[in-house]
Structures are given as C-alpha cells and as structure tokens.
Visitor: 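Take this structure first; my questions come after.
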There are 2 protein chains.
Amino acid sequence: MHLPDKTIERLSQYRRNLLIILAKGKEFIFSHEIAQLLHITPVQVRRDIMLIGYNGTLRRGYDIKELIDLIGIIIDTDEGQNVCIMGLGNFGKAILNYFAGKRPKLKIVAAFDINPEKIGHLYAGVPVLHVDELSAKIISLNISIGIITVPFDKALETANLLVDCGIKGIVNFSSKPLNLPEHVYLEEFDMITSIEKVAYHTKRN
Amino acid sequence: MHLPDKTIERLSQYRRNLLIILAKGKEFIFSHEIAQLLHITPVQVRRDIMLIGYNGTLRRGYDIKELIDLIGIIIDTDEGQNVCIMGLGNFGKAILNYFAGKRPKLKIVAAFDINPEKIGHLYAGVPVLHVDELSAKIISLNISIGIITVPFDKALETANLLVDCGIKGIVNFSSKPLNLPEHVYLEEFDMITSIEKVAYHTKRN
DNA sequence: CAATAATTGTTAATAAGATAACAACAAAAG
DNA sequence: CTTTTGTTGTTATCTTATTAACAATTATTG
Ligand SMILES: NC(=O)c1ccc[n+]([C@@H]2O[C@H](COP(=O)([O-])OP(=O)(O)OC[C@H]3O[C@@H](n4cnc5c(N)ncnc54)[C@H](O)[C@@H]3O)[C@@H](O)[C@H]2O)c1
Ligand SMILES: NC(=O)c1ccc[n+]([C@@H]2O[C@H](COP(=O)([O-])OP(=O)(O)OC[C@H]3O[C@@H](n4cnc5c(N)ncnc54)[C@H](O)[C@@H]3O)[C@@H](O)[C@H]2O)c1
C-alpha cells in the first residue's frame, strides 16, 4: 500500500488529537469533527481514512480507538523504534520534555553531548551520555533514528557520525542543511522559515 | 505578483544560506550550487528565481547580494515587523537564542511569561515581561507577529489574547491546534509529526 | 412506514507543485 | 573564427494533492 507523504503527516496529527479526545471519553467521531480540529476539509479526512483502508460506520462516524490503532500499525513498527538526541541544549531539552512518555512505540532512549557537566545525569528520565559512546550505544540500545540539535558548526560531523553508526533516519533541527547518503531518510525543519512565511503573509493589510 | 507558498518557503531558505555564503566572500552562485545546498533540483531554483522576476547572468550565475536583497523586498516590509514570544520555557529560550540578531527586519522585541522569577530580566537581549502588559506593549512596541510556546493547556487563552490585541499572524509551537479568525495568519508546527514521518519511512529496510 | 436528513466511500475534476525539455546565448577551447 | 560546453529562462509535461460531486445507506422525523 502506497500512501502519499501528506497523508502520513496528517495521520500523525489525527492520532495525536484522537488520543486526547479518546481520553476525554468520546468513542466515535465524524470526519467533519476531525477536520475542524486541524483546519482541513472533511473530504480530506475521509480520503485519508479511505487510503489506509479503514471503514467507519454510516451516521455514527469512526471508532476512535480502532482508528488510532490502525494509524499505529501504519506508522509504528511492532517492536517500536528507539531514538537518540544529539546535543542537549535548550532545544534538545524542550524536545525531551515534550516527547517524554508520549509515544510508546517511539522512545528517546539517550541524549548525547560533549559537555562534561551534562554527562552522567538523567534529563526527563533519559540518560545523558558522551558522544564517544555513540557507536556502542546505537547498537546496544538498538537506536535507529537520531535527532540533531547541536550547534550549527557541529551539525555536519554529528550527522556523519550517526550515518557511520548505521542510523536509518535523521531529524535535523540544526540550521545546517545536510547532505546525506540516499539510504538515510532525512527530515529538516527551520523555524525561521515558518516565521518568515507568516511575515510574508501579514505584509498586506 | 502571486507567489506559490512553497516558493516563499524556499526563498527563505535560499536567503539564509546565501547570507552564509556571501559572508565567506563568494559573489556569484549557480542554480545547481543552491540546489545542492537544499537537496532540490537546479530547475526548481531557477523557476523560483524566475517567479520573483530576478535575472542572473548567463554563465556567471546569480549575484548573491542582489538576490538576497530581492528576497528581502519580497518577504520583509520596509520598516520591518516586530515579533513577541509567549512563554519563555526551554523552547522559547531556544528560539530567542537562535533568532537573536539574525533577521534585521524581523525582531523579537519582547517575551511574555507569568512566572515572576523570569519577569523583569533580559534573555538573549530581549526583555521578559508579564502577560498583563501584553495589550499595552503590542501597541507601544508595534508587534504584529506572535510566537506561542506556552504549555498545551494555556495555548488557547494565549492565542485569544493575541488576537484580541490585534495581532496579524501567529506561529503556534504549542501542541494545541488553534482555530483562529480568518484575518489572522496561522502557521503551526509539531515535531512529533516530523519524527513520526521519519519513523514511517525507516520502517522498511 | 414514508420522507427527510446526515454521513460515509469513492470516483471524477481541478489545482498546485515539480520536473523535463529546450532555445538562447555567453564563455572557453581549439 | 568556429565549435563545444555550460548555464539561464521559460514553456510544456507530468505528478501529487485537494476539492467537488454524488451514490449508497442508515438514522431520525413526521
Ligand atoms: N531549526 C530550528 O528551528 C532551530 C531553532 C532553534 C535552534 N536551532 C538550532 O539548534 C541548535 C541547538 O540550539 P540550542 O539553543 O539548543 O543550542 P545550545 O547551545 O543550547 O545547545 C547545544 C548543545 O549541543 C552540545 N554539543 C556541542 N557540540 C556537540 C557535539 N559535537 N556533539 C554533541 N553535542 C554537542 C552542547 O554542549 C550543548 O549542550 C543550534 O544549531 C541552533 O541554531 C534550530
Ligand atoms: N511543536 C513542537 O514541536 C513542540 C516541541 C516542544 C515543545 N512543544 C510545546 O511547547 C510548549 C512549551 O514547551 P517548553 O518545553 O518550553 O515548556 P516550559 O514549561 O519549559 O515553558 C512554558 C513557559 O510558559 C510559561 N507560561 C505558562 N503559562 C503562561 C501564560 N498563560 N502566558 C505566558 N506564559 C506562560 C511558563 O512560565 C514557562 O516559562 C508546550 O506546549 C510543549 O508541549 C512543542
């Protein structure tokens, strides 16, 4: 089954929001309710759900629990994947706090840094280790995804290190665009782009 | 002139990278060099540049300085826009550090929080103020864009506050999706989506 | 029980975005 | 001076993404 990239992004958002709604005790949800949550159209929601092969109930909507589980089957692996974070500065800490315990199948199991004051402690329940240990720990902790939040001028060497250690995917939040080998999946984000987009769109008026 | 949304995003990225290259002393650049930086195709670059009406020189490429200036005319206003950040936690601090002095036409001029220990100080050169002052300061500091980094359960009231104060655009990094009036431009980002996208794409192999 | 309203699932149509193709031409090489 | 090479600018094509349209069907209303 091939799924469009944008559908994957929305599935992730659906799940995050459905989990919250489920926790409030709601059992079924209509496409237009999901749509309203994410400022998209109900058709879009129904189409995505169609693509993953799920069927709702006419006039009752979608079973929230079932939908969440199915999204899990699509995004997650059975055993789950382990994640590490490179660079425990403000940004890295924000990510750890935010992520902690949120996704059972996607665990941040270690943070790597070079600052001796940070190493050896736990942060948000996650051990902070020295970068020298990376190679060994990626294997022993079975880490397949790395998040890069080191300073600009350390991003390249950090990425190379991860690649050499056999990482499968990287999320790069450092502002240095990376050029990775094809077999490593890369996702980059820079908030300056977000903010400048808003700046552009608020120019008029 | 109408520009596609994706082109705006890329223009922002072009500029960020061109500024770095300019600082290194390079004066001209080819489309394929820009393309390589951002993992896109040279055609894409040329097309974007065409859309903004800039002309390079055949076989010399684009004048980096001119290109940067033109992108500035498109994204920025002449006087610049002022930005505030709501919630100075780890995430807010990371943004302030990162942004500080980086974009002359897009200044973060205040951070708002409710924690008395934070208020009254400077962080990364930016004054930390109490949320109660928001309404007055948005006017006196001429703030038109707000960045939300308050906790999940405070995001809605914070957004409403900004809207009531006449904000023109919001970047929402809190994990709570917002429903804003049409005249306020909204940009949202959640890193869980980025990470889960990587998780999905690294499932196979 | 008939009529109406609401909702899904799916195909068809449209729109947005990316890539390919190539003419034009300037610089470099021969 | 002629040919080759490299690069831009632009149109045409292809691909991906979104929206519209509507049949099917179930619940609700009268
Ligand atoms: N993409 C975005 O939107 C965005 C936003 C904010 C910051 N950033 C970028 O993220 C990065 C981190 O920002 P921050 O505010 O957390 O910075 P920071 O300085 O607070 O943290 C960086 C951390 O990395 C550690 N470090 C340095 N070299 C290292 C190495 N070789 N290996 C491992 N760890 C190393 C440092 O000890 C420090 O703890 C910067 O590049 C910044 O520009 C990006
Ligand atoms: N979108 C993402 O990718 C992403 C990533 C990390 C964190 N987050 C979210 O960002 C938010 C902030 O994360 P953090 O790690 O910085 O949290 P934090 O707890 O460190 O910081 C929150 C700050 O907001 C302040 N605050 C609380 N209520 C406020 C109010 N009403 N007005 C103004 N300030 C107020 C607090 O005093 C604190 O300083 C959270 O909602 C978190 O879930 C999102």
Side-chain angles (χ1 to χ4, degrees), chain A residues 1-14 18 21 26-68 70-71 74 182 186-188 193 197 200-201, chain B residues 1-14 18 21 26-68 70-71 74 182 186-188 193 197 200-201:
Chain A
M1 175 174 44
H2 170 263
L3 294 173
D5 229 49
K6 292 283 177 176
T7 295
I8 298 296
E9 289 180 19
R10 283 190 297 265
L11 288 176
S12 165
Q13 295 178 269
Y14 296 160
L18 290 174
I21 290 173
K26 198 170 155 91
E27 285 185 46
F28 284 84
I29 194 164
F30 295 127
S31 59
H32 65 260
E33 294 177 295
I34 299 181
Q36 200 176 26
L37 281 174
L38 308 185
H39 344 298
I40 58 177
T41 65
V43 194
Q44 183 82 85
V45 174
R46 294 207 298 279
R47 207 161 194 301
D48 287 335
I49 291 176
M50 181 194 84
L51 288 174
I52 63 174
Y54 181 67
N55 276 270
T57 315
L58 244 169
R59 298 213 38 155
R60 285 189 80 188
Y62 303 96
D63 182 310
I64 296 180
K65 177 97 184 33
E66 281 178 16
L67 191 46
I68 289 172
L70 181 52
I71 293 174
I74 289 165
E182 278 225 342
L186 174 65
E187 185 75 22
E188 299 193 313
T193 299
K197 215 169 140 192
Y200 172 79
H201 285 285
Chain B
M1 173 178 42
H2 170 264
L3 294 174
D5 230 49
K6 292 284 176 176
T7 294
I8 298 296
E9 289 180 19
R10 282 189 299 265
L11 289 175
S12 166
Q13 294 176 273
Y14 296 160
L18 290 174
I21 290 173
K26 198 170 155 87
E27 286 186 45
F28 285 83
I29 194 165
F30 295 127
S31 59
H32 66 260
E33 294 176 295
I34 299 181
Q36 198 177 25
L37 280 173
L38 308 184
H39 344 297
I40 57 179
T41 66
V43 195
Q44 182 83 82
V45 174
R46 294 206 299 277
R47 206 163 195 301
D48 286 335
I49 291 177
M50 181 195 84
L51 288 173
I52 64 174
Y54 182 67
N55 275 269
T57 314
L58 243 169
R59 298 214 38 158
R60 287 190 76 190
Y62 303 97
D63 181 311
I64 297 181
K65 176 100 186 32
E66 281 180 17
L67 191 46
I68 288 172
L70 181 53
I71 294 174
I74 288 164
E182 278 225 342
L186 175 64
E187 186 74 21
E188 298 193 314
T193 298
K197 217 169 138 191
Y200 171 78
H201 285 284

Visitor: How many Å lie between CG on A/L3 and C1' on D/dA17, as a whole number?
Guide: 14 Å
Visitor: Of all the heavy-atom pairs spanning A/Y14 and A/Q44, show the shortest one and how long it is.
Guide: OH-O, 4.1 Å
Visitor: What is the distance from CZ of A/F30 to P of C/dT8, rounded to the nearest Å?
Guide: 6 Å
Visitor: Heavy-atom nearest nucleotide on DNA chain D for B/M50 versus B/L58: which residue maps closer to 5'?
Guide: B/L58
Visitor: Round to the nearest Å and state the distance from B/D48 atom CG to D/dT8 atom P.
Guide: 14 Å
Visitor: Count the heavy atoms of every other residue, nucleotide or ligand shown that sit under 6.0 Å from CD of B/E9, and state whether that count exceeds 12.
Guide: yes
Visitor: Below 3.5 Å, does any donor atom in the side chain of B/R59 face an acceptor in the base of D/dT5, or the other way round?
Guide: yes
Visitor: Heavy-atom nearest nucleotide on DNA chain D for A/D5 versus A/R60: which residue maps closer to 5'?
Guide: A/D5
Visitor: Which nucleotide, D/dG9, C/dT8, D/dT18, lies nearest any side-chain atom of B/R46?
Guide: D/dG9
Visitor: When you get a sec, tell me which of C/dG9, D/dG9, C/dT10 is the closest nucleotide to the side chain of A/V43?
Guide: C/dT10
Visitor: Which part of the nucleic acid, if any, lies within contact of B/R47, taking any heavy atom under 4.0 Å across all strands shown: a base, the sugar-phosphate backbone alone, or nothing?
Guide: base
Visitor: Would B/L67 and B/I52 count as a side chain to side chain contact (heavy atoms under 4.5 Å, CB included) if you check the C-alpha gap in whole Å, the side-chain angles of each, and the deciding distance to 0.1 Å?
Guide: CA-CA 10 Å; B/L67 191 46; B/I52 64 174; 4.2 Å; yes
Visitor: In whole Å, what is the span from the OH atom of B/Y54 to the P atom of D/dT8?
Guide: 11 Å
Visitor: Which part of the nucleic acid, if any, lies within reach of B/S31 when heavy atoms closer than 4.0 Å are counted: base, sugar-phosphate only, or nothing?
Guide: sugar-phosphate
Visitor: From the set C/dG17, C/dT11, C/dT19, return the single nucleotide nearest to any side-chain atom of B/T41.
Guide: C/dT19
Visitor: Nearest whole Å is fine: how far is D/dT16 P from A/K6 NZ?
Guide: 14 Å
Visitor: Calculate the interatomic distance between A/I52 atom CD1 and C/dT8 atom C1'; express it in whole Å.
Guide: 14 Å
Visitor: Round to a whole Å and report the spacing from CD of B/Q44 to P of C/dA18.
Guide: 5 Å
Visitor: Please determine whether a side-chain nitrogen of the Lys or Arg among A/K197 and B/D5 lies less than 4.0 Å from a carboxylate oxygen of the Asp or Glu.
Guide: yes
Visitor: Can you tell me if the side-chain N/O atoms of A/N55 get under 4.0 Å from OP1 or OP2 in C/dT8?
Guide: no
Visitor: In whole angstrom, what separates B/H32's NE2 from D/dG9's C1'?
Guide: 17 Å
Visitor: Test side chain to side chain contact (heavy atoms under 4.5 Å, CB included) on A/I64 and A/F28 and set out the steps.
Guide: CA-CA 5 Å; A/I64 296 180; A/F28 284 84; 5.6 Å; no
